[in-house]
Amino acid sequence: MASTPKAGLVVDVHAHALLPALQQRVAEADPAGYAAQQELEVRRNGGPSMAASGQMIKERWPQLTDLGRRLADMDAQGVDVQLVSPSPSHFSYFAAPELSLELARQANRAIMALVDQAPDRLNGLGLVPLQHPQLMVEALEDAVLDCGLLGVEIGSFAATPGDPDRTTVELSDPRLEDFWSRAEELGAIVFLHPFGCSLDERLDRFYLANTVSQPAENAVALSHLIFSGVLDRHPGLTILAAHGGGYLPTTLGRSDHAWRVRPEAHGCAEAPSSYLKRLYFDSLVHSAAELRALVAAAGPEQVLLGSDYPFDMGSDRPVADVLAAGLPARDQGSVLAGNAAALGITAAAIQSVRPTS
């Protein structure tokens, strides 16, 4: 086990589970939509990456589906608690309204069942149908109020593949206002985790569909939230961005300049860089220097430990990665434990006695 300062429970806020029954349900209920989504993924990723990803999933199947293996890996990493979210491959943003709500409810209950098997080590996030904004509040309430989860995971945008008349739902979409309001009221965490990129075939080689698309999609989605004024209208909203927020946190000078000189970029009350203090980011940036830069840009109170367990683009040693960044001891403790405690992210069994600010 990695050597860590025990100032509190070490919490990994970015960990996934695969839900085979959910994937089977959507494939059976909407075979055409499921096939179109799979075809889109092949176009976006390219054949070599699809083959490599398939082999990776096969090799890591126990970590994705077996609780005993998950807990053993957590022990080896020095992680006390995981906040588990469904694999983003379960978003299924192509699904029609009735099916999409059914899938969200099934995902919420699957994560709840996983958490209930180890409530002293796990907590969870559910899903909402981003492609149907009018249903998101119902799915959010199902996750938080009915299933006892800490919030929900969403992608960076939603569009139905193969539909020439589709309307892309961005996070700045006015139809999401009720969702943001209810998430704020419930104190729910909204975990932003991209899956797929609208650049499509431009990223279909060299694994650019992940290495470039994930940080780019994070930057675009967070910019929609900032520039549209969502964070002004909902100051109590808890947004947690995967992959350190991607390209955004350390490259906001151009955004600040646009906010000053362009009227159409002035939809937020303050300079875009100021909103880093209202957002939270995981630590998964794969570089000690970049983690130090993220902490410097956003502040040590805004960064939380994240691993992307158990995927190969995650980290098998997330605690050690934070220690390697050489942060001041207080900041290190905040990233590993303190910030999660302040947000009420802890094991389900002791959630009721943790801070919820």
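Separating the CG atom in Leu18 from the OG atom in Ser89 is a distance of 5.5 Å, to the nearest 0.5 Å. Expressed to the nearest 0.5 Å, how far CG of Leu222 lies from CD1 of Ile239 amounts to 8.0 Å. Expressed to the nearest 0.5 Å, how far CG of Asp312 lies from CD of Gln55 amounts to 11.0 Å. Once rounded to the nearest 0.5 Å, the distance linking CD of Glu290 with OG1 of Thr250 reads 7.0 Å. Note: Arg260 CZ to Ser255 OG = 10.5 Å, rounded to the nearest 0.5 Å. To the nearest 0.5 angstrom, Leu101 atom CG is 7.5 Å from Asp142 atom CG.
Between the side chains of His234 and Glu177, at least one donor N or O sits under 3.5 Å from an acceptor N or O. Tyr309 and Gln77 share no donor-acceptor pair across their side chains, judged by distance under 3.5 Å alone. A donor and an acceptor atom, one from each side chain of Gln63 and Arg70, are nowhere located under 3.5 Å apart. Between the side chains of His243 and Asp282, no donor-acceptor pair of N or O atoms lies under 3.5 Å.
Between Glu301 and Lys277 there is no salt bridge, since none of the side-chain N atoms of the basic residue sits less than 4.0 Å from a carboxylate O of the acidic one. At a threshold of 4.0 Å, the pair Arg60-Asp316 counts as salt-bridged, since one of the basic side-chain nitrogens sits closer than that to a carboxylate oxygen.
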Pair Asp178-Arg182, salt bridge (Lys or Arg N to Asp or Glu O under 4.0 Å): steps then yes or no: CA-CA 6 Å; Asp178 288 346; Arg182 189 62 174 135; over 6 Å; no

Step-by-step side chain to side chain contact (heavy atoms under 4.5 Å, CB included) determination, Leu343 to Leu150: CA-CA 10 Å; Leu343 288 176; Leu150 291 183; over 6 Å; no

Test side chain to side chain contact (heavy atoms under 4.5 Å, CB included) on Arg25 and Leu103 and set out the steps. CA-CA 8 Å; Arg25 173 57 185 153; Leu103 295 172; 4.0 Å; yes

Kindly indicate, with the supporting measurements, whether the criterion side chain to side chain contact (heavy atoms under 4.5 Å, CB included) is fulfilled by Phe94 and Asp30. CA-CA 9 Å; Phe94 57 86; Asp30 184 3; 3.6 Å; yes

Walk me through whether His16 and Phe311 qualify under ring pair (Phe, Tyr, Trp, His ring centres under 6.0 Å). CA-CA 8 Å; His16 295 299; Phe311 293 112; 5.7 Å; yes

For the pair Glu184 and Trp180, evaluate side chain to side chain contact (heavy atoms under 4.5 Å, CB included) and give the outcome as yes or no after the intermediate values. CA-CA 6 Å; Glu184 185 178 23; Trp180 300 129; over 6 Å; no

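The two residues Gly314 and Asp308 make their nearest non-hydrogen contact at CA-CB, 3.6 Å. Minimum heavy-atom separation, Tyr93 to Gly155: OH-N, 3.0 Å. When all heavy atoms of Leu240 and Leu304 are compared, the closest pair comes out as CD1-CD1, 4.3 Å. Nearest heavy atoms, Tyr275 versus Cys268: OH-CB, 3.5 Å. Annotation for Gly124 and Val115: closest pair N-CG2, 3.8 Å, computed over non-hydrogen atoms. When all heavy atoms of Ala143 and Gly126 are compared, the closest pair comes out as CB-CA, 4.4 Å.
Checking each of Gln214, Glu217, Glu170 against Ser156 for a side-chain hydrogen bond (donor to acceptor under 3.5 Å, both in side chains) leaves exactly one that passes, namely Glu217. For the pairing with Arg121, the side chain to side chain contact (heavy atoms under 4.5 Å, CB included) check across Asp75, Leu67, Leu9 returns one residue only, Asp75.
A heavy-atom distance below 4.5 Å is not found between the side chains of Leu199 and Leu208. In this structure, Val303 and Asp331 have side chains that are not in contact, with every pair of non-hydrogen atoms separated by 4.5 Å or more. Counting heavy atoms from C-beta outward, Leu323 and Gln332 have side chains that approach closer than 4.5 Å. Residues Leu114 and Leu122 form a side-chain contact, since some pair of their non-hydrogen atoms from C-beta on lies under 4.5 Å apart. For the pair Leu145 and Leu140, the minimum side-chain heavy-atom distance is 4.5 Å or more. Inter-residue side-chain proximity for Leu294 and Phe281 is flagged as met; some heavy-atom pair is nearer than 4.5 Å. Looking at Leu192 and Tyr280, their side chains never come closer than 4.5 Å, going by heavy atoms from C-beta outward. Residues Asp321 and Leu291 are not in side-chain contact: their nearest non-hydrogen atoms beyond the backbone lie 4.5 Å or more apart.
For Gln82 (side chain) and Ala15 (main-chain N/O), no donor-acceptor pair under 3.5 Å exists by modelled atom type. A donor-acceptor contact shorter than 3.5 Å links the side chain of Arg109 to the backbone of Arg105. Judged by distance alone, the side chain of Gln131 and the main-chain N or O of Ala95 form a donor-acceptor pair under 3.5 Å. Side-chain N or O atoms of Ser283 include one that pairs as donor or acceptor with a backbone N or O of Gly306 at under 3.5 Å. Asn123 contributes no side-chain N or O that, together with a main-chain N or O of Leu149, makes up a donor-acceptor pair within less than 3.5 Å. Of the possible donor and acceptor atoms, none in the side chain of Asp120 sits under 3.5 Å from a partner among the backbone N and O of Ala349. A donor-acceptor pair under 3.5 Å is absent between the side-chain atoms of Ser274 and the main chain of Glu270, judged by distance alone. Panel note: side chain His193, backbone Ala241; no donor-acceptor pair is recorded below 3.5 Å. The main-chain N or O of Ser307 is found under 3.5 Å from a side-chain atom of Asp12 such that the two form a donor-acceptor pair. Asn108 places a side-chain N or O within donor-acceptor distance of the main-chain N or O of Leu127, the cut-off being under 3.5 Å.
Few gaps surround CZ on Arg175; more than 12 heavy atoms of other groups in view lie less than 6.0 Å from it. Few gaps surround CD on Glu102; more than 12 heavy atoms of other groups in view lie less than 6.0 Å from it. Counting non-hydrogen atoms of neighbouring residues, nucleotides and ligands closer than 6.0 angstrom, the CZ atom of Arg233 exceeds 12 such neighbours.
Phe195 and Ile111 fall within a single hydrophobic cluster, where Ile, Leu, Val, Met, Phe, Trp and Tyr side chains are chained together by heavy-atom contacts under 4.5 Å. Linking ILVMFWY side-chain heavy atoms closer than 4.5 Å, directly or via other members, places Leu284 and Leu125 in two distinct hydrophobic clusters. Grouping the Ile, Leu, Val, Met, Phe, Trp and Tyr side chains by contacts below 4.5 angstrom, directly or via other members, places Leu135 apart from Val169. Connection of Leu252 to Leu171 is established within a shared hydrophobic cluster, with ILVMFWY side chains joined at heavy-atom distances below 4.5 Å, either directly or through further cluster members. Tracing side-chain contacts under 4.5 Å through hydrophobic residues (I, L, V, M, F, W, Y), one reaches Leu225 starting from Leu276; they form part of the same cluster.
Annotation: His14 is in aromatic contact with Phe191 [ring centroid separation under 6.0 Å].
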